[in-house]
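Order of the sequence lines fixes the chain letters, A, B, ..., with proteins taken first and strands second; residue numbering starts at 1 for each chain.
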Protein chains: 2
Amino acid sequence: MLAEERQLMILKTLAVDHVVKLKALVSMLNASESTVRRDLQELEGRHLLRRVHGGASLLRKLNDELDMETKTFKNVQKKKAVARLAATKIKDNDCVFLDAGTTTLEMIPFITAKNVTVVTNGPAHGDLLVRKKIICYLLGGQMKSTTKAVIGSLALQSINLFRFDTAFIGVNGIDPSMGYTTPDPEEAALKRRAHDLAQRTYIVSDSSKFSEISFCKIFDLGEAIIITDHLPDLDGFKVTDKTEIYVADQETVDR
Amino acid sequence: MLAEERQLMILKTLAVDHVVKLKALVSMLNASESTVRRDLQELEGRHLLRRVHGGASLLRKLNDELDMETKTFKNVQKKKAVARLAATKIKDNDCVFLDAGTTTLEMIPFITAKNVTVVTNGPAHGDLLVRKKIICYLLGGQMKSTTKAVIGSLALQSINLFRFDTAFIGVNGIDPSMGYTTPDPEEAALKRRAHDLAQRTYIVSDSSKFSEISFCKIFDLGEAIIITDHLPDLDGFKVTDKTEIYVADQETVDR
DNA sequence: AAAATCAATCAAAGGATTTCAAAATAATTC
DNA sequence: GAATTATTTTGAAATCCTTTGATTGATTTT
């Protein structure tokens with residue numbers, strides 16, 4: 001059987017069942033485990049499915065709750081470690097900008113500083129913040145369906161009313177030559193503006209973003225301080241300028 | 001069974017029953033207690049459910065918001081009936097303003113019109129709307145801790161950028177002489193502005209608000225159309241002017 | 001205080017990667 | 001057009017990593 005036939009059958013099976021076990025594919029296709037694995041690898045590379053432990057699953061699930069990001073338990077732990085360290089950078093009486101996104105969301109439970117004022121473009125963030133009795137301003141604008149972030153011209157306009165001691169920004173790619181990048185131009189514009197309005201900018205990001213490059217540039221590497229869970233691999237990632245990097249210790253995260 | 005299948009089943013069970021016992025999941029999934037615990041742990045980490053002693057429960061924003069007020073079964077039914085009727089007033093291609101509040105929140109699942117654009121000052125509303133793939137603009141401003149509504153000068157300023165076919169507004173008091181009233185002056189100002197910017201204004205309110213008077217006046221009775229679950233008692237409530245009132249039929253609400 | 005539930009730990013099973021040699025296919029040469 | 005060589009694809013084995021279920025002792029609930 002040709003490789004193409006196999007892969008087509010895999011996709012058809014997935015279209016029907018939404019998930020499929022590796023063993024099932026092996027017996028269905030009369031191919032060796034290795035071959036099927038390689039097929040899955042290739043299809044994942046083409047973004048046609050998602051590999052999971054023991055098999056593969058459709059990217060878009062009927063239940064779209066699960067598909068937002070492939071987040072293993074480990075990843076969640078990492079994010080929490082980063083979030084916890086980032087939260088300690090907020091000092092009493094600070095005015096901070098909190099970018100929308102999961103890592104910045106995780107920061108909120110760890111905020112201990114008093115009399116803090118937060119501006120955010122993430123409605124979920126606002127929700128958590130007011131529960132913690134933290135003064136919170138939400139930016140206005142269009143809600144993006146995928147990331148649930150507020151973006152657009154209205155957001156850009158309303159953020160101008162503020163000045164920040166510190167801005168915490170999430171990104172999708174960190175690269176020495178391309179700087180910080182993210183897929184959506186509107187989001188990039190807002191992040192950039194937040195950075196311009198802040199005295200200090202922290203990039204909060206798990207280490208998987210190193211050497212990734214996304215569509216839109218936000219600003220250069222040296223313009224912000226990185227908070228991450230792991231030092232970047234120095235082979236593919238050469239920090240020539242004096243970019244500051246804080247590394248979170250995952251072991252000490254309890255909550 | 002793959003981990004993902006298990007977790008999806010857990011979420012589906014929760015969606016139906018709202019709570020689920022650990023033991024029930026163990027026997028349903030044919031997995032060990034440890035495994036189910038780990039699944040719950042992970043799903044909680046991703047903010048997809050809340051773990052409680054003995055099992056897990058749904059973390060619906062709706063649930064949280066509702067239990068502030070008395071949410072007896074009757075009251076919920078009443079609100080849903082009002083919300084359902086109100087939602088039918090939204091027509092294809094409308095631009096509507098949705099006030100923050102529980103009744104307007106309940107409207108969202110009942111919206112069937114196509115190509116609707118919604119502006120709201122309730123972050124929770126925005127969340128639900130984008131899930132329904134409805135275009136949604138969130139007003140900027142300070143988040144009020146009690147009602148989770150966005151208010152203040154920034155909100156007043158950013159709402160001016162819009163014009164509405166229809167505005168749906170919640171109130172705390174409805175009285176023939178005092179008109180519509182609400183406790184917070186900032187919220188009142190925003191509701192008034194929304195009304196001014198709209199061609200038609202509906203007041204969505206359960207019947208308990210009749211003859212109640214709250215601190216701040218929003219506008220006069222005749223300026224809007226009331227949607228409620230029950231006609232006001234005519235002794236204490238004399239509708240002298242030609243105020244329009246729609247009364248919802250609670251019997252026919254199923255969902 | 002007793003019963004139930006939970007968190008932490010650990011060994012075993014199952015799954016994933018890597019590596020290497022054997023087939024199969026394609027390309028080249030005579 | 002056959003023989004030979006190069007390239008790609010495949011399968012099997014060794015090693016590494018993840019997931020799982022059982023057990024323990026600590027917490028919580030009644």
Side-chain angles (χ1 to χ4, degrees), chain A residues 1-11 13-14 17-58 66 69-81 84 109 206-208 229-230 233 235-236 249-255, chain B residues 1-11 13-14 17 19-46 48-59:
Chain A
M1 186 184 294
L2 266 58
E4 209 170 322
E5 291 182 74
R6 280 198 316 268
Q7 298 180 6
L8 203 64
M9 281 184 82
I10 293 175
L11 291 179
T13 311
L14 265 181
D17 298 340
H18 297 253
V19 290
V20 66
K21 288 197 253 296
L22 185 98
K23 286 187 171 183
L25 290 174
V26 166
S27 66
M28 163 190 284
L29 302 167
N30 288 318
S32 76
E33 198 180 294
S34 310
T35 302
V36 176
R37 276 186 203 291
R38 272 186 281 251
D39 283 338
L40 292 182
Q41 231 165 5
E42 189 186 329
L43 291 171
E44 183 176 47
R46 289 203 261 153
H47 305 288
L48 294 171
L49 53 76
R50 190 162 52 95
R51 235 138 53 96
V52 298
H53 196 93
S57 122
L58 216 50
L66 274 174
E69 262 181 77
T70 317
K71 278 187 285 205
T72 63
F73 183 64
K74 265 277 174 57
N75 279 340
V76 172
Q77 292 290 97
K78 281 184 187 173
K79 276 193 198 236
K80 281 216 172 123
R84 185 170 131 282
D206 57 285
S207 53
S208 68
D229 59 295
H230 198 270
D233 183 10
D235 289 348
D249 179 3
Q250 337 178 195
E251 308 307 320
T252 58
V253 172
D254 29 27
R255 192 208 102 73
Chain B
M1 187 184 298
L2 296 176
E4 210 181 274
E5 295 181 82
R6 280 198 317 266
Q7 297 178 5
L8 200 64
M9 280 182 85
I10 294 174
L11 290 179
T13 310
L14 265 180
D17 298 341
V19 286
V20 66
K21 290 204 198 72
L22 186 97
K23 285 184 159 189
L25 290 173
V26 166
S27 65
M28 163 190 285
L29 302 167
N30 288 319
S32 74
E33 198 180 294
S34 311
T35 300
V36 176
R37 274 185 206 293
R38 271 186 285 249
D39 282 337
L40 292 181
Q41 223 173 337
E42 188 184 329
L43 291 171
E44 183 175 47
R46 292 155 76 174
L48 294 171
L49 52 76
R50 187 179 49 207
R51 234 138 54 96
V52 296
H53 197 89
S57 97
L58 210 55
L59 53 81

Qualifying residues under side chain to side chain donor-acceptor pair (under 3.5 Å), relative to A:Ser32, sequence neighbours excluded: A:Thr35
So which atom in A:Ala56 and which in A:Leu40 form the shortest heavy-atom distance, rounded to 0.1 Å? CB-CD2, 4.0 Å
Rounded to whole Å, the CG-P distance (A:Leu29 to D:dG11) equals 11 Å
Pairwise side-chain contact, A:Leu58 with A:Leu49, heavy-atom cut-off 4.5 Å (strictly under): no
What's the CZ-P distance between B:Arg51 and D:dT27, to the nearest Å? 16 Å
Would you please test A:Ile10 and A:Leu29 for side chain to side chain contact (heavy atoms under 4.5 Å, CB included) and show each step? CA-CA 9 Å; A:Ile10 293 175; A:Leu29 302 167; 4.0 Å; yes
Which part of the nucleic acid does B:Lys23 contact within heavy-atom distance under 4.0 Å: base, sugar-phosphate only, or nothing? sugar-phosphate
To the nearest Å, how far apart are A:Glu4 CD and D:dT8 C1'? 15 Å
Check the interface with nucleotides 12-14 of chain D: list each N/O to N/O pair with the protein under 3.5 Å, or write none.
| residue | atom | partner | partner atom | Å |
| --- | --- | --- | --- | --- |
| D:dA12 | N7 | A:Ser34 | OG | 3.1 |
| D:dA12 | N6 | A:Ser34 | OG | 3.4 |

Heavy atoms under 4.0 Å, any strand shown: does B:Val36 hit a base, just sugar-phosphate, or nothing? nothing
Mind calculating the distance between CD (B:Gln41) and P (D:dT18) to the nearest angstrom? 17 Å
Does some side-chain heavy atom of B:Met1 sit less than 4.5 Å from a side-chain heavy atom of B:Met9? yes
Protein-nucleic acid N or O pairs under 3.5 Å, nucleotides 28-30 of chain D:
none

What pair of heavy atoms forms the shortest contact from A:Val26 to A:Ala31, and how long is it? CG1-O, 3.3 Å
Atom CG of A:Asn30 and atom C1' of D:dT9: how far apart are they, to the nearest Å? 17 Å
For a 4.0 angstrom threshold against heavy atoms of chain A, report the outermost contacting nucleotides of DNA chain C in 5' to 3' order. C:dG15 to C:dT17
Assess whether a salt bridge exists between A:Arg38 and A:Glu42, defined as any Lys/Arg side-chain N lying under 4.0 Å from an Asp/Glu carboxylate O. no
Is the side chain of A:Asp229 donor-acceptor paired with the backbone N or O of A:Ser207 at a distance under 3.5 Å, no angle test? yes
Shortest non-hydrogen contact between B:Leu48 and B:Leu11, atoms and distance: O-CD2, 3.7 Å
Taking only residues two or more places apart in sequence, or in another chain, which ones meet B:Glu5 in a side chain to side chain donor-acceptor pair (under 3.5 Å)? none
Whole-Å distance separating the CG atom of B:Leu25 from the P atom of D:dT20: 15 Å
Any side-chain heavy atom of A:Leu25 within less than 4.5 Å of one from A:Val20? yes
Could you tell me which residues satisfy side chain to side chain donor-acceptor pair (under 3.5 Å) with A:Glu44, sequence neighbours excluded, listed by chain and number? A:Arg51
List for me each residue that meets side chain to side chain donor-acceptor pair (under 3.5 Å) alongside B:Ser57, sequence neighbours excluded, and say none if there are none. B:Arg50
What is the nucleic acid contact for B:Val26, judged by heavy atoms within less than 4.0 Å: base, sugar-phosphate only, or nothing? nothing
Quick check on the helix from C:dA1-D:dT30 to C:dC30-D:dG1: what's the angle between its two end axes, five base pairs per end, to the nearest 10°? 40°
Phosphate OP1/OP2 of D:dT19 contacted by B:Arg6 side-chain N/O (<4.0 Å): no
Who passes side chain to side chain contact (heavy atoms under 4.5 Å, CB included) against A:Arg37, sequence neighbours left out? A:Leu22, A:Glu33
